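Since the model is a prediction, treat every value here as computed from it, not as a measurement. Because only heavy atoms are used, hydrogens play no part in the values below, and waters and symmetry mates are left out as well, while side chains stay in. Letters A, B, ... are given to chains in the order of the sequence lines, protein chains preceding strands, and every chain is numbered from 1.
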Amino acid sequence: MVLKIYNTMSRKKEEFIPVEKGKVKMYVCGMTVYSDAHIGHARTYLAFDIIRRYLEYKGYKVTYVQNITDVDDKIIAAANKKGINPLDYSKYFTERCLKDLDALGIRRADFYPKASENINDMIEIIQKILENGYGYVSDGDVYFSVEKFKEYGRLSRRKLEEMKAGARIEPTEKKRNPLDFALWKSAKPGEPSWDSPWGKGRPGWHIECSTMSSKYLGLPFDIHGGGMDLIFPHHENEIAQAEAATGKKFVNYWIHVGLLTVNKEKMSKSLGNIINIRDAIKKWKPDVIRFFFVSNHHRSPPDFNEKALENAEASLKKIYRVKQDLEKYCKEKHMAKSDEKIFLSEVKKFKNRFEEAMDDDFNTPRAIAELFSFIRIVNRYLKNKEISSKAAEKAYSTLLELGKILTLFQEKKEETEVKEKIEKLAKKYGVKTKDKIDEIIDEILKIRENARKNKEWVKADAIRAELNEIGIEIEDTREGTRWRKVK
RNA sequence: GGGCGGGUAACAAAGUGGCUAUGUGGCGGACUGCAGAUCCGCAUACGCGGGUUCAAAUCCCGCCCCGCCCUCCA
């Protein structure tokens, strides 16, 4: 099966062919670290985490680089305001932001190069740009001359003349063309600065990505990504710089993810509606937030709102239930009632359809739809106990394998916490505590079973409610009471 | 003003020139002390107006509306 990726450069889905067979090199624009990571960051980095997971699933060896912008106007402003050294300030937030993403269950990239640690490489690239005639020095600053780069505007589909017309850019005497952008900024008091052939200063924003991506991945590399908002000017400028300096093609596939809104509004500082990851996970579990994002296609803009998250939570529960049911079924040593070839072919079919969806520009909502269709089939077979435990295991392993691509099933069970609560409950009902949680639960259910036999409904219902509270779902069936852990 | 992307049932969200998307919610049924889960079935769609076609929500044209970018931004 062929993987197709929607390439912003061509605005088409293209067959994916890596530069080097069996390997994928991807670079995603990372965070500017001056405050906590927010759910917009989460949306983007989760999307690329899943892209990376799927590429790995397809057998590619993926090298994933994400930069850290730790030298920047906003960082300097924020740090100076608090009287902290800007580099210390950004160092603090680098750790914090990465931990925020950890907390959400987003896998870390392979490399996190920092702007402040790659200044020399940036200077070299700027020198090459100057040597090749694409830039100029102006009073300690260095600028890129957009008119010299004939391809300028190709990614964002803009023409230089049109941009000038509607530009809101302040004309600067230092720039020859208002659209020229800074490669190097001369030092101002209170700013971190480095020595350069043009005097003390610091790099412009765009140059770090051109530099670090080519340094870590070589040119051209396969995938470059980021939020939609970065198409212009950031990515446009990155292309100009990298190609002007090296004469090589920069990137083969550009992937841009849709920007998140909150209650249909853009998330921005001015609206004051930025939701930090830290705050979001107080209200919603990480897996719920992840599932919400995965239910949206990466290129469309998801809207973060109460109802949508509740939906995600309910849907997720359904997935956890089959997982638990399959686990139990496998342990119960069932024999096949009839030919289970059909069931096994359904498992295979699910895998194929899932891959088909993911091969189509990483279409996670479609993959989820296939997942739910599969769940219905599994439930049907489980209900009638038609299949052997071995066949169930096949379904189970497939569910886990594919689910993990969508970042499902990665939550560590909060075993100790649950155990404590169960033990408390056991004590209440005079059940002797045992080593295994499962056994304690079984004991408690015996108490409840007795109550039910005596038609002590209040007591029986109370036990059920209490277990539910802990996350244990109770189900009375003809063959007795079953239970499962639901997060 | 220029560029880009959208408008799908109660909500969320895919997709597609004719064949059930999917999940949550709703309704009915099986099951059941109740509840829940599960299964079976049902209902509610494709912004508006034209056109092409045997057939369009899907293609074309026009219109309306929304969002994003053009300034730091994932």
Would one find a side-chain N or O of A/Arg380 under 4.0 angstrom from OP1 or OP2 of B/C40? yes
For A/Tyr57, enumerate each residue passing the ring-ring contact (aromatic ring centres under 6.0 Å, His included) test, keeping only those at least two apart in sequence or located in another chain. A/Tyr54
Report which part of the nucleic acid A/Gly40 touches: base, sugar-phosphate, or nothing (heavy-atom distance under 4.0 Å, all strands). base
Only counting residues at least two apart or in another chain, list the ones meeting ring-ring contact (aromatic ring centres under 6.0 Å, His included) with A/Phe374. A/Phe350
What N/O pairs connect the protein and nucleotides 22-28 of chain B at under 3.5 Å? Give each pair on its own line.
| unit_1 | atom_1 | unit_2 | atom_2 | d |
| --- | --- | --- | --- | --- |
| B/G23 | O2' | A/Ser315 | OG | 2.3 |
| B/G23 | N2 | A/Asn311 | ND2 | 3.3 |
| B/U24 | OP1 | A/Lys318 | NZ | 3.3 |
| B/U24 | O2' | A/Asn311 | OD1 | 3.4 |

A/Leu382 near the nucleic acid: base, sugar-phosphate alone, or nothing, with a heavy-atom cut-off under 4.0 Å? nothing
Not counting sequence neighbours, which residues clear side chain to side chain contact (heavy atoms under 4.5 Å, CB included) with A/Leu326? List them please. A/Val378, A/Leu382, A/Ala392, A/Ala395, A/Tyr396, A/Leu399
Reckon A/Arg158 touches a base, only the sugar-phosphate, or nothing at all at heavy-atom distances under 4.0 Å? base
By salt bridge (Lys or Arg N to Asp or Glu O under 4.0 Å) - contacts of A/Arg158 (at least two apart): none
Which string of ( ) [ ] | and . matches RNA chain B, if you list each base 5' to 3' and count Watson-Crick or G-U pairs only when both distances are under 3.5 Å? (((((((..(((.....[...))).(((((.......)))))....(((((..]....))))))))))))....
Contacts of type salt bridge (Lys or Arg N to Asp or Glu O under 4.0 Å), residue A/Asp279, not counting sequence neighbours: A/Lys282
The ring-ring contact (aromatic ring centres under 6.0 Å, His included) partners of A/His38 (sequence neighbours excluded) come to A/His41
Which part of the nucleic acid does A/Gly153 contact within heavy-atom distance under 4.0 Å: base, sugar-phosphate only, or nothing? nothing
Show me the protein contacts with nucleotides 32-34 of chain B, counting only N or O atoms at under 3.5 Å.
| unit_1 | atom_1 | unit_2 | atom_2 | d |
| --- | --- | --- | --- | --- |
| B/G33 | N7 | A/Arg452 | NH2 | 3.2 |
| B/G33 | O6 | A/Arg448 | NH2 | 3.4 |
| B/G33 | O6 | A/Arg452 | NE | 3.2 |
| B/G33 | N1 | A/Asp461 | OD1 | 3.1 |
| B/G33 | N2 | A/Asp461 | OD2 | 3.1 |
| B/C34 | O2 | A/Arg464 | NH2 | 2.6 |
| B/C34 | N3 | A/Arg464 | NH1 | 2.9 |
| B/C34 | N4 | A/Asp476 | OD2 | 2.8 |

Sugar-phosphate, base or nothing in reach of A/Thr364, heavy atoms under 4.0 Å: nothing
Mind listing the N/O atom pairs, protein and nucleotides 13-15 of chain B, below 3.5 Å?
| unit_1 | atom_1 | unit_2 | atom_2 | d |
| --- | --- | --- | --- | --- |
| B/A13 | OP1 | A/Asn296 | OD1 | 3.1 |
| B/A13 | O3' | A/Ser295 | O | 3.4 |
| B/A14 | OP1 | A/His297 | N | 2.7 |
| B/A14 | OP1 | A/Ser300 | OG | 2.8 |
| B/A14 | O3' | A/Asn363 | ND2 | 3.2 |
| B/G15 | OP1 | A/Asn363 | ND2 | 3.2 |

A/Tyr152: what forms a ring-ring contact (aromatic ring centres under 6.0 Å, His included) with it, not counting sequence neighbours? none
Report the residues that fulfil side chain to side chain contact (heavy atoms under 4.5 Å, CB included) with A/Ala78, sequence neighbours left out, ordered by chain and then residue number. A/Tyr89
